[in-house]
Asker: 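Pasting a structure here, questions to come.
These values consider heavy atoms only, across backbone and side chains, with no hydrogens, waters or symmetry-generated copies. Along the sequence shown, residues are numbered consecutively beginning with 1.
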Amino acid sequence: MTRRLLLLYFFLSCAMALGQEDLKLISWNIRDFGKSKDTVELEQIAEIVRDADILALQEVVAGYGGAQAVAQLADLLNRKGSKWDYLISNPTESPKYATERYAFLWKTHKIKIRNRGTLLKKLEKVVDREPYLMEFYVEERLITLLNFHSRPFNKNPEAEIRAITQYVLQHLKTPLILAGDFNVDEADKVFDVLKSAGKFPAITNKKTTLKRICEGNYYLNYAIDNIFYSQEIKKRESGVIDFVEKCENLLQARKLSDHLPVYLNFSLNK
């Protein structure tokens with residue numbers, strides 16, 4: 001009898017494990033994502049991100065062309081075998097020339113939503129481009145996603161990261177993912193509070209931006225894009241999607257973006 005119970009427990013455990021389908025999140029700062037991208041470039045972008053289940057975009061143009069480019073990207077993705085939906089934030093309350101939008105795109109057979117998300121207005125006085133918060137549901141379980149693009153490295157993005165850290169720890173539900181372009185390396189001490197509270201970087205010591213020209217056959221620059229996730233999320237795999245591959249491709253690749261996408265494959269802990 002005991003042996004039968006053990007076998008039953010084993011098979012039930014296997015079935016539960018098989019039922020926990022992994023999800024893939026890609027976060028990408030696509031430089032000047034709007035009317036500057038033609039159909040060929042949008043198709044290239046769609047091919048790069050097609051395996052994602054959730055796509056978080058930064059630097060969507062706030063004026064004419066940004067929303068249209070996101071809609072075109074969603075249409076291209078819809079032609080690749082899965083149904084996608086998308087949402088675009090309002091323009092951020094930012095200093096002149098810093099205003100932009102964020103976007104989320106997702107596969108509808110895996111991800112559900114119950115609202116249209118919101119820019120965090122409570123942070124607009126301390127953050128140049130206030131983050132975009134969305135609540136996604138995976139088999140009725142809530143995941144809170146925060147999409148963020150910090151101010152440039154020479155304008156004290158560390159102050160923004162401290163403000164967002166405080167907000168995250170005080171107000172946001174978990175499981176939680178904070179994704180974006182931080183303009184600060186995750187190894188910087190400014191992230192220590194976030195890490196000590198159980199929010200972990202998906203990638204470490206991985207450069208994510210592109211030089212203008214190759215130097216010694218090397219085209220990568222700074223490690224500033226990342227995805228932080230709470231301990232209720234189980235990381236399966238993470239990394240950087242290098243669509244450049246070699247120096248000969250750098251000039252063409254920079255027409256898509258001067259950043260590489262970062263990704264996190266994950267499941268939800270029971």
Asker: Is there a donor-acceptor pair closer than 3.5 Å between any side-chain N or O of Lys206 and the backbone N or O of Thr204?
Answerer: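 Pair absent, no side-chain N/O of Lys206 close to backbone of Thr204.
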Asker: So which atom in Ala46 and which in Leu76 form the shortest heavy-atom distance, rounded to 0.1 Å?
Answerer: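 Closest approach of Ala46 to Leu76, heavy atoms only: CB-CB, 4.0 Å.
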Asker: Do the two ring centres, one from Tyr132 and one from Phe148, sit under 6.0 Å apart?
Answerer: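 No - the distance between ring centres of Tyr132 and Phe148 does not fall below the 6.0 Å cut-off.
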Asker: State the CZ-CD1 distance between Phe228 and Ile203, to the nearest 0.5 angstrom.
Answerer: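 Spacing of CZ (Phe228) from CD1 (Ile203) equals 9.0 Å.
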Asker: State whether a side-chain donor-acceptor pair under 3.5 Å links Ser27 with Gln58.
Answerer: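 Yes, side-chain donor-acceptor contact under 3.5 Å.
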Asker: Just checking, is any N or O donor in the side chain of Tyr86 or Asp75 under 3.5 Å from an acceptor N or O on the other one?
Answerer: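 Their side chains do not contain a donor-acceptor pair, so the 3.5 Å distance test is not met.
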Asker: Can you check side chain to side chain contact (heavy atoms under 4.5 Å, CB included) on Leu42 and Thr39, steps first, answer last?
Answerer: CA-CA 5 Å; Leu42 285 170; Thr39 303; 5.6 Å; no
Asker: Rounded to the nearest 0.5 Å, what separates atom CH2 in Trp84 from atom CH2 in Trp106?
Answerer: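 So the gap between those two atoms works out to 10.5 Å.
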Asker: Between Asn147 and Phe104, is a side chain to side chain contact (heavy atoms under 4.5 Å, CB included) present by the stated rule, with each step listed?
Answerer: CA-CA 8 Å; Asn147 195 352; Phe104 282 113; 3.5 Å; yes
Asker: Please give me the minimum heavy-atom distance between Lys207 and Asn221, naming the atom from each residue.
Answerer: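 Minimum heavy-atom contact is CD-O, 3.1 Å.
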Asker: Would the Phe191 and Phe200 ring centres measure less than 6.0 Å apart?
Answerer: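 No, the ring of Phe191 stays outside the 6.0 Å limit from the ring of Phe200, centre to centre.
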Asker: Let me see the working for Leu256 and Phe243 under side chain to side chain contact (heavy atoms under 4.5 Å, CB included), right down to the final yes or no.
Answerer: CA-CA 10 Å; Leu256 302 186; Phe243 59 88; 4.0 Å; yes
Asker: Can you tell whether the side chains of Glu135 and Arg114 come within less than 4.0 Å, N to carboxylate O?
Answerer: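 Salt bridge absent between Glu135 and Arg114.
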Asker: If we count only N and O atoms by modelled type, under 3.5 Å, do the side chains of Tyr263 and Glu237 hold a donor and an acceptor together?
Answerer: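 Short answer, yes.
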Asker: Using 4.0 Å as the upper bound for N to carboxylate O, is an ion pair formed by Asp53 and Lys24?
Answerer: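 No, no charged N to carboxylate O under 4.0 Å.
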Asker: Can you run down the side-chain hydrogen bond (donor to acceptor under 3.5 Å, both in side chains) pairs that involve residues 156-171, sequence neighbours left out, and say none if there aren't any?
Answerer: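 Matches after skipping sequence neighbours: Arg151-Glu160.
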Asker: Just do the side chain to side chain contact (heavy atoms under 4.5 Å, CB included) check on Phe33 and Val70 with the steps written out, would you?
Answerer: CA-CA 8 Å; Phe33 191 55; Val70 175; 3.7 Å; yes
Asker: Heavy atoms, side chains only, cut-off 4.5 Å: are Leu133 and Thr144 in contact?
Answerer: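 Yes, side chains in contact.
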Asker: If I compare all heavy atoms of Pro157 with all of Pro152, which pair ends up nearest, and what's the gap?
Answerer: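 For Pro157 and Pro152, the tightest heavy-atom pair comes out as CD-O, 3.2 Å.
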Asker: State plainly whether the residues Lys112 and Glu139 are in salt-bridge range, i.e. N to O under 4.0 Å.
Answerer: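 Looking at Glu139 together with Lys112, the answer is no, because their closest N to O distance does not fall below 4.0 Å.
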Asker: Can any side-chain N or O of Lys37 pair as donor or acceptor with the backbone N or O of Arg31 at less than 3.5 Å?
Answerer: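 A pair under 3.5 Å: yes.
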